[in-house]
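Have a look at the structure below before the remarks.
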Amino acid sequence: MDEVMTLEDLAAYLKISETTAYQLVRSGAIPGRKVGREWRFLKRRIETWLMQDSTDDTDGENGTVQIDALGGEFRIENGREQIALWLPMTREEKAAQIEKAQRDGVNVSDVVAAYLREWLRSG
């Protein structure tokens with residue numbers, strides 16, 4: 001049976017900090033799975049990942065979330081860089097925006113953009 005590791009176990013196994021391990025996991029570089037609110041890793045898969053030739057890794061792999069030089073998150077989709085944006089809204093406000101878009105039959109992005117324009121005007 002495969003040994004299952006926690007994030008703390010992974011960091012100790014790789015001899016890196018937990019912060020570095022978490023960044024690698026979030027970027028999709030290390031194979032893992034979230035179980036509830038915790039990350040879990042199969043030791044066998046980590047060993048396979050470690051043995052891969054580093055030339056197999058492609059910078060900007062499609063769909064993989066990465067961290068840029070300024071600490072921002074981004075991913076490449078269809079050859080275009082997509083940046084992550086932290087929206088100044090609560091989960092409840094987000095849910096309300098999604099409901100509004102569905103009710104009005106419009107794109108959620110358009111509704112959120114209008115919300116952000118209003119937020120900027122009021123700020």
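For this chain, numbers begin at 1 and follow the sequence in order. Being a predicted model, the structure only gives us computed values, none of them experimental. Side chains included, hydrogens not; waters and symmetry mates left out as well; all remaining heavy atoms used.
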*asked:* Regarding Glu47 and Arg44, does a basic nitrogen lie under 4.0 Å from an acidic carboxylate oxygen?
replied: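 Between Arg44 and Glu47 there is no salt bridge, as every charged N stays at least 4.0 Å from the carboxylate O atoms.
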Under a 4.5 Å side-chain heavy-atom rule over Ile, Leu, Val, Met, Phe, Trp and Tyr, are [X] and [Y] clustered together?
X      : Y      : answer
Val35  : Leu42  : no
Val106 : Tyr115 : no
Leu120 : Val111 : no

Closest heavy-atom pair and its distance - [X], [Y]:
X     : Y     : answer
Asp9  : Val4  : OD2-O, 4.4 Å
Ala21 : Leu10 : CB-CD2, 4.3 Å
Lys43 : Tyr13 : CE-CE1, 3.4 Å

For a side-chain contact (heavy atoms from CB on, under 4.5 Å) check, start with the C-alpha distance between Ile30 and Leu14, then their side-chain angles and the critical distance, and finish with the verdict. CA-CA 11 Å; Ile30 293 180; Leu14 296 176; 3.8 Å; yes
Quick one: [atom1] on [X] to [atom2] on [Y], what's the gap to the nearest 0.5 Å?
X      : Y      : atom1 : atom2 : answer
Arg121 : Leu116 : CZ    : CG    : 11.0 Å
Asp110 : Lys100 : CG    : NZ    : 11.0 Å
Arg45  : Met5   : CZ    : CE    : 11.5 Å
Glu18  : Leu7   : CD    : CG    : 5.5 Å

Can you tell me if CZ on Arg40 sees more than 12 non-hydrogen neighbours from other groups inside 6.0 Å?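 Yes.
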request  = Take Gln23 and Arg26, measure what side-chain contact (heavy atoms from CB on, under 4.5 Å) needs, and give me the verdict at the end.
outcome  = CA-CA 5 Å; Gln23 288 173 342; Arg26 288 260 310 151; 5.8 Å; no
**Request:** Verify, without hydrogens or angle tests, whether Glu93 (side chain) and Thr90 (backbone) share a donor-acceptor contact under 3.5 angstrom.
**Result:**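 Checking the backbone N and O of Thr90 against the side chain of Glu93, a donor-acceptor pair under 3.5 Å is found.
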